[in-house]
*Asks:* 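Sharing a structure with you now.
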Amino acid sequence: VSGILFYGSLYVDSLWVDKALRNQRWGSKLMQEAEKIGKEKGARFATVHTMDWEALPFYQKLGYAIEFTREGYDKNSKMFMLRKVL
């Protein structure tokens with residue numbers, strides 16, 4: 001997981017888990033640790049973006065809500081910007 005603290009928020013830029021380690025809660029653990037660090041550093045909320053064919057249900061299960069949807073991508077894909085209060 002990588003991200004940046006920006007003006008009172010935590011922006012999670014990327015999260016990646018090797019296929020051999022998926023479905024073992026590593027993604028959830030990494031996100032929870034990033035959120036913990038963000039909160040300790042003063043972030044009041046966290047943001048992340050994902051495409052409709054990526055990880056939307058995963059982030060929603062972690063408590064993230066869709067804040068904005070951007071349309072117009074190839075193959076009618078959508079990008080979701082999600083937010084979670086820390």
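Computed over heavy atoms, backbone and side chain alike; hydrogens, waters and symmetry mates excluded.
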*Asks:* Taking side chain to side chain donor-acceptor pair (under 3.5 Å) as the definition, give me every residue that meets it alongside Y59, ordered by chain and number, with sequence neighbours left out.
*Replies:*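 Y59: no side chain to side chain donor-acceptor pair (under 3.5 Å) contacts found.
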*Asks:* Under 3.5 Å, sequence neighbours excluded: what are the donor-acceptor pairs made by side chains of residues 26-38?
*Replies:*
{"unit_1": "E35", "atom_1": "OE1", "unit_2": "K84", "atom_2": "NZ", "d": "3.0"}
{"unit_1": "E35", "atom_1": "OE2", "unit_2": "Y64", "atom_2": "OH", "d": "2.7"}
{"unit_1": "E35", "atom_1": "OE2", "unit_2": "K84", "atom_2": "NZ", "d": "3.4"}

*Asks:* According to a hydrophobic-cluster definition based on side-chain heavy atoms being under 4.5 Å apart (Ile, Leu, Val, Met, Phe, Trp, Tyr only), do V48 and M79 belong together?
*Replies:* no
*Asks:* Considering residues at least two apart in sequence or located in another chain, which fulfil the side chain to side chain donor-acceptor pair (under 3.5 Å) criterion with T50?
*Replies:*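 For T50 the side chain to side chain donor-acceptor pair (under 3.5 Å) partners, ignoring immediate neighbours, are E54.
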*Asks:* Does the side chain of M51 come within less than 4.5 Å of Y73's, by heavy atoms?
*Replies:* yes
*Asks:* Rounded to the nearest 0.5 Å, what separation is found between the CD atom of E71 and the CZ atom of F80?
*Replies:* 8.0 Å
*Asks:* Is any side-chain heavy atom of R70 closer than 4.5 Å to one of M81?
*Replies:*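 With C-beta onward as the side chain, the pair touches.
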*Asks:* Without placing hydrogens or testing angles, list every side-chain donor-acceptor pair under 3.5 Å for residues 3-21, not counting sequence neighbours.
*Replies:*
{"unit_1": "S9", "atom_1": "OG", "unit_2": "F6", "atom_2": "O", "d": "2.7"}
{"unit_1": "Y11", "atom_1": "OH", "unit_2": "H49", "atom_2": "ND1", "d": "2.9"}
{"unit_1": "S14", "atom_1": "OG", "unit_2": "S2", "atom_2": "OG", "d": "2.9"}
{"unit_1": "D18", "atom_1": "OD1", "unit_2": "A20", "atom_2": "N", "d": "2.9"}

*Asks:* Check whether any side-chain N or O of D52 sits under 3.5 Å from a backbone N or O of K78 as a donor-acceptor pair, and report yes or no.
*Replies:* yes
*Asks:* Under 4.5 Å between side-chain heavy atoms, chaining through other members, with only Ile, Leu, Val, Met, Phe, Trp and Tyr counted: pull out the rest of the cluster around L86, sorted by chain and number.
*Replies:*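 ILVMFWY cluster around L86 holds nothing else.
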*Asks:* Taking side chain to side chain donor-acceptor pair (under 3.5 Å) as the definition, give me every residue that meets it alongside T69, ordered by chain and number, with sequence neighbours left out.
*Replies:* none
*Asks:* What's the spacing between I66 CD1 and R83 CZ if we round to 0.5 Å?
*Replies:* 14.5 Å
